[in-house]
Amino acid sequence: MLFRTNVAKATAALAPILCSRASADDNNLNRCKLYLAKSTIPNAGLGVFTGVDLSFNDTIGYGDPAIPIVDLDFHNAGSASNEDYHWLLDEYNWKAIAAGYYMDLEAEKTSAHIPGFGATPNCHMRLKNIAESVNTYDTAGITRGDAGIGAFTGYHNRTTRALKDIRAGQELYVDYGPAWFLSRESYMGLVPLAKNYPVATKFLEQFRSNDALKSLMFTMEMGKPMLEFWDLIINFPYKSRSQSALPKNLTAAIKAAKEGIYESELWQSTRSLEELERSGKCLDNIRYAKSSIPSAGRGAFAARFIPGKLMYVILAVYSVGYFNSQLCCFVKEGGLVAPAPLLHVPDRGILKMFADKVDPRTGEEYRDISKPAGQQLLLNYCFGHGSSSMLLCPYGHETAYINHDSRSPNTKIIWSTDAMYHNATLLEQPVEYFDNIWSSVVGFDYIALRDIKEGEEITIDYGSEWEEAWNEHVQNWVPPEGHKQFVPPQDLNADKSSPLRTFAEDKTMYSDHIDLYCLFSSESILDGKDEWDEDELDANDHKVHRILERRMVHEEGEPEYYVYDLELLVPIEDESEKMAVYAVKNVPREAISFYYKQYHSDMFVKGAFRHEMMIPNHMFPRAWRNID
Ligand SMILES: C[S@@+](CC[C@H](N)C(=O)[O-])C[C@H]1O[C@@H](n2cnc3c(N)ncnc32)[C@H](O)[C@@H]1O
């Protein structure tokens with residue numbers, strides 16, 4: 001009797017757990033479409049795989065942010081590429097121009113940290129099957145009067161599309177461009193470039209057409225002599241990129257000889273869905289949108305139900321005498337919200353920024369290191385700890401969007417248990433050890449603290465230190481002068497119907513923060529052309545010096561529109577710093593865009609909030625505590 005009552009009680013206690021598992025399963029019918037798993041390229045670490053069939057031009061994932069990093073060499077008085085300071089992000093970052101929306105205008109020298117598709121997929125020149133678009137820019141409705149301005153990146157919505165039909169299970173590859181591999185030959189070896197594949201194909205064709213070899217190949221397929229022969233070819237001491245493009249083993253070589261290198265490589269770059277389910281990590285559980293938290297900008301939201309703590313229950317009921325019965329249950333951590341490989345920055349001082357001053361006595365420019373003038377925006381996207389110089393910057397898909405909530409967070413970070421992107425032994429090494437590591441070696445998992453419904457905002461607790469700093473920032477926030485009248489360039493760009501002000505009407509040409517640009521080709525300038533025509537829409541931008549005139553155009557049966565006479569600033573050949581003024585007539589509004597002047601975008605707003613997210617004390621390694 002007692003036994004039965006206890007079982008009944010235990011079952012009642014379990015009911016909510018079992019129910020939540022059942023509903024989790026129901027919702028999980030909406031299954032993962034994108035995985036992080038071991039790359040099929042030998043020694044390439046992690047790779048990204050599609051969990052569903054994709055058609056040409058399908059969108060993959062939900063769009064990446066881009067975080068500008070400005071004048072890093074200047075602020076560190078050295079060169080990252082010469083390894084004057086340890087900057088692992090160089091291996092993963094993009095030139096600002098690739099981020100789009102004129103990020104290269106942000107500063108003298110800008111690069112872009114693009115977590116997600118900007119950092120996780122590998123490159124395969126032959127099998128490249130995805131490409132990223134460029135970012136758009138806006139501040140999710142946060143204005144210059146808001147304490148949140150400049151504390152998050154405005155660059156977002158960098159979407160990834162399929163370049164061809166892609167089968168479920170295939171690894172996704174982007175094109176880093178040949179320069180990336182050529183400059184890394186010393187440690188990456190001879191990675192094949194696009195032009196090496198036709199050479200390798202030709203070699204295989206000849207191989208196949210040679211009767212003796214053909215019969216050897218097809219009769220002895222896996223036989224020892226053939227294995228040794230292929231080994232000899234692959235390991236031939238005269239190395240070349242074309243040799244590297246050849247199949248690495250005999251099975252693949254036979255397949256390539258029969259079906260072509262492309263098909264054989266495609267086959268080798270595919271993992272089964274069962275394997276991805278078992279050993280991969282789902283990348284598309286979260287997607288970004290405007291945050292529900294005031295001043296926070298954008299946030300990450302659950303794209304599907306994510307279960308909380310998973311409980312594997314073993315009911316062991318036994319009795320000793322009359323009263324002893326026991327329920328044992330094994331609790332597993334919450335469901336995975338997202339994996340996040342980390343980029344280590346052993347010296348956080350690298351993110352400090354210093355003013356560029358001019359010595360009044362000598363007239364020479366110098367870097368004022370008496371005190372930092374600010375910190376890179378990237379700091380807000382990295383994790384740290386008060387007693388360490390180490391920063392860790394995640395590059396998972398959409399994880400950069402996860403905001404802070406200390407009262408009721410639904411997610412937390414843990415050190416990943418997956419050796420694929422987390423080498424736990426490195427938590428015992430001192431910070432200096434990381435100075436010589438040039439790839440991502442540690443990683444977090446973001447895991448659910450409770451069941452998370454589809455559409456719920458994902459939050460973690462950034463720590464009390466962060467929260468105190470944020471509250472203090474909000475209390476002391478003084479909005480920049482003129483913020484109420486300030487119209488940001490993206491709003492000016494969106495409004496194509498209002499007439500633009502001429503120089504006579506507005507001597508500031510909109511504001512001290514904004515520059516105007518006009519599409520007009522350099523060839524037209526060299527030809528001395530002074531009338532704008534539609535072909536110029538495909539041309540490059542030139543800075544507008546002044547808008548001289550505005551005229552309304554009436555064309556029969558068409559809506560009225562304005563055209564403008566402009567002065568453009570064009571570089572003088574062989575005089576890099578100097579510009580000439582060049583006049584162009586009849587420019588339509590669609591050819592004119594507004595962008596922030598250098599060092600005037602939102603992230604440069606004076607006093608913009610900067611603070612890293614904090615790694616909880618209990619998980620921060622003792623060996624990394626190098627600051628008192
Ligand atoms: C890792 S980013 C999170 C994504 C960011 N919201 C965005 O739009 O890109 C961290 C920054 O988000 C903002 N943020 C996060 N949680 C916040 C909160 N609870 N209140 C205000 N701002 C928050 C702060 O600017 C913080 O430095």
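Heavy-atom basis, side chains included; hydrogens, waters and symmetry copies ignored. Counting starts at 1 for both ligands and their atoms, following the listed order.
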| Heavy-atom neighbours of I97 CD1 exceed 12 at 6.0 Å | no
If we only count N/O pairs under 3.5 Å, is [X] in contact with ligand 1?
X    : value
N403 : yes
D405 : no
W466 : no
H404 : yes
N380 : yes
A296 : yes

Which ligand 1 atoms, with their elements, are less than 4.0 angstrom from a heavy-atom of [X]?
X    : result
I402 : 3 (C)
M613 : 1 (C)
I293 : 18 (C), 19 (N), 20 (N)
A400 : 1 (C), 2 (S), 3 (C), 4 (C)
A151 : 25 (O), 27 (O)

| query | When you measure from the centre of the six-membered ring of F486, is the NZ or CZ of R144 under 6.0 Å away and within 45° of the axis? | reply | yes
| query | Are side-chain N/O atoms of Y381 and H113 paired as donor and acceptor at under 3.5 Å? | reply |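 No - no donor-acceptor pair under 3.5 Å links their side chains.
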| message | Can you confirm whether the side chains of D347 and S389 place a donor and an acceptor under 3.5 Å from each other? | response | no
| task | Mark the output for Y462 as yes if a heavy-atom distance to ligand 1 is under 4.0 Å, and as no if none is. | result | yes
| query | For the side-chain hydrogen bond (donor to acceptor under 3.5 Å, both in side chains) test, which of N285, T160, D284, T120 pairs with H397? | reply | T120
Answer yes or no: is there a donor N or O on one side and an acceptor on the other, between the side chain of [X] and the main chain of [Y], under 3.5 Å?
X    : Y    : answer
D71  : F74  : no
N380 : H611 : yes
T139 : I142 : yes

| query | Using 30° and 60° as the class limits, which term best fits the ring planes of W624 and F434: parallel, tilted or perpendicular? | reply | perpendicular
Note the single closest protein heavy atom to [atom], along with its residue, its atom name and the distance in Å.
atom                    : result
atom 8 (O) of ligand 1  : R298 N, 2.8 Å
atom 21 (C) of ligand 1 : W470 CZ2, 3.3 Å
atom 9 (O) of ligand 1  : Y381 OH, 2.5 Å

| query | Would F620 and M614 count as a side-chain contact (heavy atoms from CB on, under 4.5 Å) if you check the C-alpha gap in whole Å, the side-chain angles of each, and the deciding distance to 0.1 Å? | reply | CA-CA 10 Å; F620 196 79; M614 309 310 290; over 6 Å; no
